[in-house]
Each structure stands twice: as C-alpha cells, then as structure tokens.
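Each remark here refers to the structure printed beneath this line.
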Amino acid sequence: AQSVTQLGSHVSVSEGALVLLRCNYSSSVPPYLFWYVQYPNQGLQLLLKYTSAATLVKGINGFEAEFKKSETSFHLTKPSAHMSDAAEYFCAVSDGGGATNKLIFGTGTLLAVQP
Amino acid sequence: DGGITQSPKYLFRKEGQNVTLSCEQNLNHDAMYWYRQDPGQGLRLIYYSQIVNDFQKGDIAEGYSVSREKKESFPLTVTSAQKNPTAFYLCASSGMVGNTEAFFGQGTRLTVV
C-alpha cells in the first residue's frame with residue numbers, strides 16, 4: 001500500500017532563506033505525487049504534481065520538487081522564502097492504478113517564516 | 001467559475017444530533033471524497049464515490065454516512081454514533097485517472113457543543 005512520510009512537523013526559516021520540506025513515499029507501483037498548501041481555515045491548493053513526465057517539477061509561487069526514485073523522495077524547495085509562504089504543506093501520493101484516485105496524505109509540515 | 005462549494009463554513013452540533021455537511025462541484029468530476037482533518041494527523045479519508053449511486057468506505061467511516069444521488073453532490077452526515085466529531089471536514093473531487101489532482105472545497109469546521 002502507498003504511504004508518505006513528512007519529516008518535521010514544524011519548520012522555521014528566515015525571510016529570504018532556502019525552504020526545504022521533506023517527503024518520502026512508499027509505493028509498490030510508479031507513484032503519482034503531489035504537494036498541496038493550506039492556509040488557516042481554508043481548503044488545500046495544489047502546488048505541483050509529479051506524473052513521470054519529468055523528475056524536476058516546477059509549481060506555483062516559485063516552489064519546485066524533485067522526484068528521486070533511488071531515495072524514494074519528493075522534497076519541496078523554494079530558493080527564497082517570503083512571509084506569504086507561511087502555511088501548512090502536505091505531501092500526498094495517489095492510490096491510482098486505474099481503479100481510484102484516492103490521495104494518501106502525510107501528516108503535514110507547518111512552515112513559519114521569520115522576518 | 002468552476003469549483004467545489006462546501007457549506008456551511010462553521011457548524012455547531014449538540015450531543016446526540018445528526019448533522020449534514022453539503023458539498024457541490026461543477027467541475028464535471030466523476031470522483032468525490034470526504035476527508036477529516038485533525039491537528040497533527042493530516043487528512044484521513046472518510047468516504048469516496050466514483051460514480052452516482054455508489055460509494056465506498058475510507059479509513060475512518062464509522063459514525064458517518066454519505067449519498068451520491070447526483071454527480072454534482074456528495075453530502076456527508078455526521079451521525080450521533082461518531083464519538084469525536086469535532087474536526088475540520090474537507091470535500092474534494094477529481095477525475096478518475098491517477099495523475100489528475102484533487103480539487104478541494106474551503107472546508108467545514110464542525111464543533112460539538
């Protein structure tokens with residue numbers, strides 16, 4: 001069964017610093033992987049997705065993620081943090097395979113950006 | 001604008017009452033989902049539906065019920081059997097292909113009073 005693990009429930013960076021949020025997956029089939037962002041009391045918004053077309057995926061708001069099969073990782077990065085990046089970030093793997101498209105989520109990483 | 005609408009945004013329930021959360025989408029998606037979110041636990045799947053008049057239990061279905069009478073609508077009822085219903089509930093929809101992302105509503109925060 002597919003699963004994802006997000007290392008670090010809280011990450012704090014200074015404005016302008018590199019953002020690195022970690023996600024490792026477990027999947028018996030080639031995975032589809034997603035990163036979502038959630039602002040307080042709101043729904044989830046898609047940042048980017050990996051669907052096997054390219055290992056380096058660029059998303060919205062300057063975020064990108066690299067799929068590394070050898071490390072079973074899909075870490076999210078942004079070169080320079082902005083105050084508006086403060087939010088909770090979720091990594092997810094699709095339980096696809098043709099039958100369904102259920103998403104299995106990690107427990108989330110809350111990103112704080114210090115001025 | 002296409003999207004998913006959840007209502008109400010805030011809901012208060014007395015002990016022993018059933019309450020129904022609304023979810024409507026106009027994205028023409030076949031699949032719809034209900035997730036429960038608790039602090040530190042991520043999102044957990046309650047129910048999902050791939051087609052009208054059919055739905056399946058997710059990981060935490062006990063104490064919840066759903067219906068899918070129309071493609072656009074997937075209401076969730078939190079019954080009195082749900083021991084700890086206070087949570088943030090998120091509805092989502094997607095296509096049926098595994099590489100398509102899910103689109104989420106703005107959520108309903110349910111509080112037991």
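Order of the sequence lines sets the chain letters (A, B, ...), proteins ahead of strands, with each chain counted from 1. Scope of the values below: all heavy atoms of this structure, side chains included, with no hydrogens, waters or symmetry mates.
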Exercise. Nearest heavy-atom pair of Phe88(B) and Gln38(A): which atoms, and what distance?
Worked result: CE2-NE2, 3.6 Å

Exercise. Roughly how far, to the nearest 0.5 Å, is CZ of Arg44(B) from OG1 of Thr107(A)?
Worked result: 12.0 Å

Problem set entry | Whether over 12 other heavy atoms sit under 6.0 Å from Ile51(B) CD1 | no

Problem set entry | Cluster check Phe103(B), Met32(B): I/L/V/M/F/W/Y, side chain < 4.5 angstrom | no

For this session: Could you tell me which non-hydrogen atom of Lys102(A) sits nearest to which non-hydrogen atom of Tyr35(B), and how far apart they are?
Result: C-OH, 4.3 Å

For this session: Please flag which part of Gln6(B) lies under 4.5 Å from any non-hydrogen atom of chain A: side chain, backbone, both or neither.
Result: neither

For this session: Check whether Tyr89(A) and Phe105(A) end up in the same hydrophobic cluster, where Ile, Leu, Val, Met, Phe, Trp and Tyr are linked by side-chain heavy atoms less than 4.5 Å apart.
Result: no

Exercise. Would you say Ile104(A) and Leu33(A) are hydrophobically clustered, going by side-chain heavy atoms of ILVMFWY under 4.5 Å?
Worked result: yes

Exercise. In terms of hydrophobic clusters joined by side-chain contacts under 4.5 Å, are Leu76(B) and Val52(B) together?
Worked result: no

Exercise. Taking every heavy-atom pair that is under 4.5 Å apart, which of Leu90(B), Asp59(B), Leu43(B) has the most such pairs with chain A?
Worked result: Leu43(B)

For this session: Would you mind checking which part of Leu44(A) comes under 4.5 Å of any heavy atom in chain B, side chain (CB onward), backbone (N, CA, C, O), both or neither?
Result: both

Problem set entry | Whether over 12 other heavy atoms sit under 6.0 Å from Lys58(A) NZ | no

For this session: Using non-hydrogen atoms and a 4.5 Å limit, figure out which bit of Tyr50(A) sits close to chain B: side chain, backbone, both or neither.
Result: neither

For this session: Give, for atom CZ of Phe104(B) and atom CG of Leu46(A), the distance between the pair rounded to the nearest 0.5 Å.
Result: 9.5 Å

Exercise. If you count the non-hydrogen atoms of other residues, nucleotides and ligands that lie under 6.0 Å from CZ in Arg109(B), is the total more than 12?
Worked result: yes

Exercise. Would you say Trp35(A) and Phe63(A) are hydrophobically clustered, going by side-chain heavy atoms of ILVMFWY under 4.5 Å?
Worked result: yes

Seminar exercise, completed: Applying a strict 4.5 Å limit to non-hydrogen atoms, the region of Gln45(A) in contact with chain B is neither

Problem set entry | Approximate separation, where rounding is to 0.5 Å, of Glu101(B) CD and Leu47(A) CG | 11.5 Å

Problem set entry | Side chain / backbone / both / neither for Gln41(B) at chain A, heavy atoms under 4.5 Å | backbone

Exercise. Which atom names give the shortest non-hydrogen contact between Leu103(A) and Ala102(B), and what distance separates them?
Worked result: CD1-CB, 3.7 Å

Seminar exercise, completed: OG1 (Thr108(B)) and CG (Asn41(A)) are apart, to the nearest 0.5 Å, by 11.5 Å

For this session: Counting only heavy atoms closer than 4.5 Å, note whether Gln6(A) contacts chain B via side chain, backbone, both or neither.
Result: neither

